[in-house]
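The shown structure was predicted, so the numbers you read here are calculated from the model rather than taken from an experiment.
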Amino acid sequence: MTNPAAADLIARSNRLGADPKNTNYAGGNTSAKGTETDPVTGEEIELVWVKGSGGDLGTLKESGLAVLRLDRMRSLVNVYPGIDREDEMVAAFDFCLHGKGGAAPSIDTAMHGLVDAAHVDHLHPDSGIAIATSKDGQELTTTIFGDKVVWVPWRRPGFQLGLDIAEIKEKNPQAIGCILGGHGITAWGDTSEEAETNSLWIIDTAASYIAENSKAEPFGGKLAGFGPLPEAERKAKAAALAPTIRGIASGDAPMVGHFTDAQVVLDFLEAENHPRLAELGTSCPDHFLRTKVKPMVLDLPADASVEDSIARLKEIAVAYREDYAGYYERNATPDSPAIRGKDPLIVLVPGVGMFSFGKNKQTARVAGEFYINAINVMRGAEGLSTYAPIDESEKFRIEYWALEEAKLQRMPKPKPLATRVALVTGAASGIGLATAKKLAAEGACVVIADLNLEKAIASAAEIGSTDVAVGVQVDVSSAEAVKAMVDAAVLAFGGVDLVVNNAGLSLSRSLLETTEKDWDLQHDVMAKGSFLVAQATAKVMIEQEMGGDIVYISSKNSIFAGPNNVAYGAAKADQAHQVRLLAAELGAHQIKVNGVNPDGVVQGSGIFAGGWGANRAAVYGVDEQDLGKYYAQRTILKREVLPENIANAVFVLCGPEMTHTTGLHIPVDAGVAAAFLR
């Protein structure tokens, strides 16, 4: 049974974390103190429950709490070796843990344990950080809050900061909290309700003061030509630039992208002071750990051509990497971790919006959200005073903190297709859906493309959230529709790495019964459609300079000549030769092109359900419901072929074990000798 104090803490944390005005995703931490019976001695002991390292307040559960014995935790004061060695104290927290399980204690545990209050909140609200990063932050704190909130000069999170805040509370009994310079806020209370009330009072009071006293144009006047493009034009330019920008952000390690054209971003990029403020970078540790110390900003007006924008982006990317290397070299010590990469995580394009990047879609999206937090912070600070983030050296100390490095090392090993963006056509059912599910399960972000938008969206939702899969509509026989599909993919995830040409249909008719319309339809969808999809996605892959995979779901019928199948078989043979042609052409760009030749995949198949199954059953003289079994009996292995078998073959072709294979067709037909490749 959950301890009442812990239950109150979880409920309070969820409420605070649910509102972005209070704190950002995974930002801040909360705690509660209470008593529990020691199962060993039977005595009542004091415990402190603290949100664990890396957890999120809005979704916090009991498993996300670190539970420590308060007496042991506070006894650490007696062995604290001083600020030069305070990193050692984090390891000491492990010797204070109570019970089994629970989350790893965070660096802020000392703050929560040492402050003499039953409930403590440490949060990163935009309004609070705006005061914390103002040049006149200390004076503003007194003006806004009187003696109820105390200013704490910047100090890196850790044991000493916990001691400082504990002393402040002891010496200021009237105070309900602190503004932590350059960082955020801390509040406390004797009850969970009181702590929450005090936290919200600080946040809302700061926000109200900023709203009532800020200058009219905190970021300065508008720059001519830097205003937002019309929405359709904005989205089109974003899609055109996305592959270039993703390639830039993935120079050291592959990244997934996120795009937003939120008004707050567009307004910031139209303001005359945005270059100065962007160069100053972010201040709150949670911000710059997600966004890097500063963004990369395109210094061209909104109406600059796509070609000019791409050329300039590539130029400033070189300068950004050199600048970041200089930042590392200026601040690194012999004990510093190796440089983690020089590429930007935030790229700002005036008139268009913001591209953000991370190891997965959620991380990329959250990085963008954090930079929007940073914009809000800068607006508040500039509106009242001057934005003054913490020094570069302090940012480096946190970004390359040994404790941060240890946290990164504890991260689970990524899945084989992590960071890869897959696009699957005809993916709302059958082979396409099974393939999309397999690729997502192996770590890829997946775009479910189908002629039926409703089914595409439903299939994507079946796989996961929009951080994992999205559904889009496409008629692959239309170049315009294919371009719209690819644009949607690059705006959703930053680019495309892995394409599965699966869309298809079949009409089982003899030569004399096959009409010109039948022929054109099947060739338009499979032969022409595969060509259009390959062409549009290869353009993205080439621009990204990250290599890629294109897989054609062809057919046994591309090899085997069967009756009443001329249009379908010819279209599949066209697809099969496209594999060979494109493998030869795209290899120079490290794009592999391979194929899978299925046969007899009846279960879940849209083609078989659409009449092909009935026709095939009639040709072979069996009941339609027994068609799968019939196909199985005519194979060498006597096994029915399922959509999942095809999906497994696609994964093998695109996975880490087949990096040197291109131009290959894999039969997945349970063994049909007449379709053996020769």
Considering non-hydrogen atoms only, spot the tightest contact between [X] and [Y] and give its length.
X: Pro105; Y: Asp94; result: CD-OD1, 3.9 Å
X: Gly495; Y: Val421; result: O-CG1, 3.1 Å
X: Gly471; Y: Leu453; result: O-CD1, 4.1 Å
X: Ala388; Y: Ser134; result: CB-C, 4.5 Å
X: Gly128; Y: Ile185; result: CA-CG2, 3.9 Å
X: Val496; Y: Ala489; result: CG2-CB, 3.9 Å

[X] side chain near [Y] side chain, heavy-atom distance below 4.5 Å:
X: Ile542; Y: Ile591; answer: yes
X: Phe370; Y: Ile346; answer: no
X: Leu266; Y: Arg234; answer: yes
X: Cys654; Y: Arg420; answer: yes
X: Val468; Y: Val446; answer: no
X: Lys51; Y: Asp108; answer: no
X: Leu348; Y: Tyr371; answer: yes
X: Ser283; Y: Trp154; answer: no

To the closest 0.5 Å, what do you measure between [atom1] ([X]) and [atom2] ([Y])?
X: Leu439; Y: Leu498; atom1: CG; atom2: CG; answer: 5.5 Å
X: Ser250; Y: Ile245; atom1: OG; atom2: CD1; answer: 11.5 Å
X: Ser309; Y: Leu298; atom1: OG; atom2: CG; answer: 5.5 Å
X: Lys21; Y: Asn373; atom1: NZ; atom2: CG; answer: 13.5 Å
X: Thr363; Y: Phe357; atom1: OG1; atom2: CZ; answer: 13.5 Å
X: Asn273; Y: Glu382; atom1: CG; atom2: CD; answer: 6.5 Å

Problem - Pair Lys235 + Asp487: basic N to acidic O under 4.0 Å - result: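 Looking at Lys235 and Asp487, the cut-off is not met.
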
Handout entry: Salt bridge Asp450-Lys455, side-chain N to carboxylate O under 4.0 Å
Key =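 Here Asp450 does not pair with Lys455 in a salt bridge, since their nearest N and O are not under 4.0 Å apart.
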
Problem - Where at least one partner belongs to residues 459-472, residue pairs that pass salt bridge (Lys or Arg N to Asp or Glu O under 4.0 Å), sequence neighbours excluded - result: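 Pairs touching residues 459-472 that pass the test: Arg365-Asp467, Lys437-Glu462.
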
Problem - Where at least one partner belongs to residues 242-260, residue pairs that pass salt bridge (Lys or Arg N to Asp or Glu O under 4.0 Å), sequence neighbours excluded - result: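 Qualifying pairs, neighbours excluded: Arg246-Asp497, Asp252-Arg321.
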
Practice task
Show your working on side chain to side chain contact (heavy atoms under 4.5 Å, CB included) between Tyr320 and Lys292 and close with a plain yes or no.
Solution key: CA-CA 12 Å; Tyr320 186 96; Lys292 268 206 163 88; 3.8 Å; yes

Partners of [X] by side-chain hydrogen bond (donor to acceptor under 3.5 Å, both in side chains), sequence neighbours excluded?
X: Thr282; result: none
X: Glu315; result: Arg312
X: Asn14; result: none
X: Lys294; result: Glu279, Asp323

Handout entry: Under 3.5 Å side-chain donor-acceptor pair for Glu369 and Asn24
Key =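 Judged by distance alone, the side chains do not pair up.
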
Exercise for the section: Step by step, work out the side chain to side chain contact (heavy atoms under 4.5 Å, CB included) result for Arg12 and Asp121. Expected result: CA-CA 10 Å; Arg12 176 174 96 246; Asp121 296 333; 2.8 Å; yes

Without swapping roles, check the side chain of [X] against the backbone of [Y] for a donor-acceptor pair under 3.5 Å.
X: Asp56; Y: Thr59; answer: yes
X: Thr23; Y: Gly17; answer: no
X: Thr659; Y: Pro656; answer: no
X: Lys359; Y: Ala418; answer: no
X: Ser356; Y: Ala364; answer: yes

Listed partners of [X] passing ring-ring contact (aromatic ring centres under 6.0 Å, His included), at least two apart:
X: His183; answer: His122, His124
X: Tyr328; answer: Phe396, Tyr400
X: Phe259; answer: Phe355
X: Phe268; answer: Phe219

Practice task
Go through the steps to decide whether Thr425 and Met485 satisfy the test side chain to side chain contact (heavy atoms under 4.5 Å, CB included), and finish with yes or no.
Solution key: CA-CA 10 Å; Thr425 65; Met485 171 191 68; 4.3 Å; yes

Handout entry: Residues which pass side chain to side chain contact (heavy atoms under 4.5 Å, CB included) with Val652, listed by chain and number, not counting sequence neighbours
Key =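 Applying side chain to side chain contact (heavy atoms under 4.5 Å, CB included) to Val652 gives Met658.
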
Exercise for the section: Evaluate the salt bridge (charged side-chain N to carboxylate O under 4.0 Å, His left out) criterion for residues Arg156 and Glu86: first the C-alpha distance (whole Å), next the side-chain angles of each, then the deciding distance (0.1 Å), finally the verdict. Expected result: CA-CA 11 Å; Arg156 187 174 58 155; Glu86 75 165 60; 5.3 Å; no

Practice task
Kindly determine whether Glu394 and Arg397 satisfy salt bridge (charged side-chain N to carboxylate O under 4.0 Å, His left out), including the steps that lead there.
Solution key: CA-CA 5 Å; Glu394 287 298 303; Arg397 286 180 68 201; 2.9 Å; yes

Problem - Test applied, side-chain contact (heavy atoms from CB on, under 4.5 Å); reference residue, Val650; option that passes from Val500, Asn594, Val424 - result: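 Single side-chain contact (heavy atoms from CB on, under 4.5 Å) partner of Val650 among Val500, Asn594, Val424: Val500.
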
Handout entry: Trace of the side chain to side chain contact (heavy atoms under 4.5 Å, CB included) decision for Phe651 with Leu417
Key = CA-CA 9 Å; Phe651 169 63; Leu417 298 183; 3.8 Å; yes

Handout entry: Sequence neighbours excluded, every pair satisfying ring-ring contact (aromatic ring centres under 6.0 Å, His included) that has a member inside residues 228-253
Key =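 Of all non-adjacent pairs touching residues 228-253, none passes ring-ring contact (aromatic ring centres under 6.0 Å, His included).
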
Exercise for the section: Evaluate side chain to side chain donor-acceptor pair (under 3.5 Å) for Ser13 paired with Thr30, printing each intermediate quantity in order. Expected result: CA-CA 7 Å; Ser13 302; Thr30 52; 2.7 Å; yes

